[in-house]
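Structure first, commentary second.
All figures in this text were calculated on a predicted structure; none of them were measured in a lab.
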Amino acid sequence: MRLSTRIVFAALAIVSLGLLAAGLVLGELARLQPCYLCNFQRLLYIVLAVIGVCGALILAGGRFWAALFGLVAQGGVITAVQQSWMQYAPQDAIECGFGDPTVLEQVVNWLGVQWPAMFMVTGLCTVKDWVFLGLSLANWSALCFLALTGVAVWQMLRRA
C-alpha cells in the first residue's frame, strides 16, 4: 500500500500533537516541573504539528514541507540531547535561567507570559524527575524527534 503525501503529513501532525499531549498529561500526573528546554520542546512539537497540517493541506511543495519538518525535528533532537546531557552531567552544566537570558530563554519567557498553562517555567533543566526503562523524559523526547526526522527524510526522498 502506498501512502499519499497528504496522509503522511496528517499522520506527522497527529503524532506531534499526540506527543505534546502525552508529555502534558505525564507532567500533570507525575507532577513534573517543566524547564526552559522542556517548554521549548513543547513549542517545537506545536510547530511540527502546524507544518504537518500545512503539508497535508498544501500539496504543492511536499519536499519543502518535509525538509522544513525535518529541520525543526532536528532542532528538537538537539534541544532534547542538550537537556539529556545536562541531566547526566549536572555538575558540568550551566543551568538554564541563570545569567543573561539566551534567545531560547527569552522566547520561552515570552510564551510563558502569553500562555502560562503551557509554557510557564517552574523547573530546572538538570533535574531528572521521571525515568522509564532507564531513560529520562528528555531521552524519550530525543528519540521521538529522531523518529520524526526519519519520517521527514523518508518523505523528502520518496517519489512523488
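Note on residues 112-125: pairs passing side-chain hydrogen bond (donor to acceptor under 3.5 Å, both in side chains), not counting sequence neighbours, are Gln33-Thr122.
Summarising the geometry of Met156 relative to Ala67, their closest heavy-atom pair is SD-CB, 3.5 Å, with the distance given to 0.1 Å. Across all non-hydrogen atoms, the minimal contact from Arg158 to Val8 is NH2-CG2, 3.9 Å. Looking at every heavy atom in both residues, Ala10 comes nearest to Ala56 through N-CB, 3.9 Å. Residues Arg42 and Pro34 come closest through the heavy atom pair NH2-CB, 3.8 Å.
Taking CH2 from Trp130 and CG from Leu135, the interatomic distance works out to 9.0 Å, rounded to the nearest 0.5 Å. For the atom pair Leu148 CG and Gln74 CD, the distance stands at 10.5 Å (nearest 0.5 Å). Note that CZ of Phe119 is 5.0 Å distant from CG of Leu43, once rounded to the nearest 0.5 Å. The CG atom of Asn139 sits 11.0 Å away from the CG atom of Leu133 when rounded to the nearest 0.5 Å. If you take CZ on Arg63 and CG on Leu68, they are separated by 15.5 Å, rounding to the nearest 0.5 Å. In this structure, Phe40 CZ and Thr79 OG1 are separated by 5.0 Å, a value rounded to the nearest 0.5 Å.
Partners of Gln87 according to the side-chain contact (heavy atoms from CB on, under 4.5 Å) rule, which considers only residues two or more places apart in sequence or in another chain, are Gln83, Lys128, Ser136, Ala138.
Residues Leu37 and Leu48 share a single hydrophobic cluster, defined by chaining ILVMFWY side chains whose heavy atoms lie under 4.5 Å apart. Cluster membership for Val127 and Tyr88, using ILVMFWY side-chain heavy atoms within less than 4.5 angstrom, is not shared. Taken together through direct or relayed side-chain contacts under 4.5 Å among Ile, Leu, Val, Met, Phe, Trp and Tyr, Val81 and Trp140 form parts of separate hydrophobic clusters. In terms of hydrophobic clustering, with Ile, Leu, Val, Met, Phe, Trp and Tyr side chains grouped at heavy-atom distances under 4.5 Å, Val72 and Met118 are assigned to a common cluster. Hydrophobic cluster membership differs between Leu124 and Met120, with clusters built from Ile, Leu, Val, Met, Phe, Trp and Tyr side chains linked at under 4.5 angstrom.
The shortest distance between side-chain heavy atoms of Ile78 and Phe145 does not fall below 4.5 Å. By the 4.5 Å heavy-atom criterion applied to side chains, Gln155 and Phe9 are counted as neighbours.
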Contacts table for residues 11-32: side-chain donor-acceptor under 3.5 angstrom, sequence neighbours left out:
from: Ser16; atom 1: OG; to: Leu12; atom 2: O; distance (Å): 2.8

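Formation of a donor-acceptor pair under 3.5 Å by the Ser84 side chain with backbone atoms of Ala80 is found in this model.
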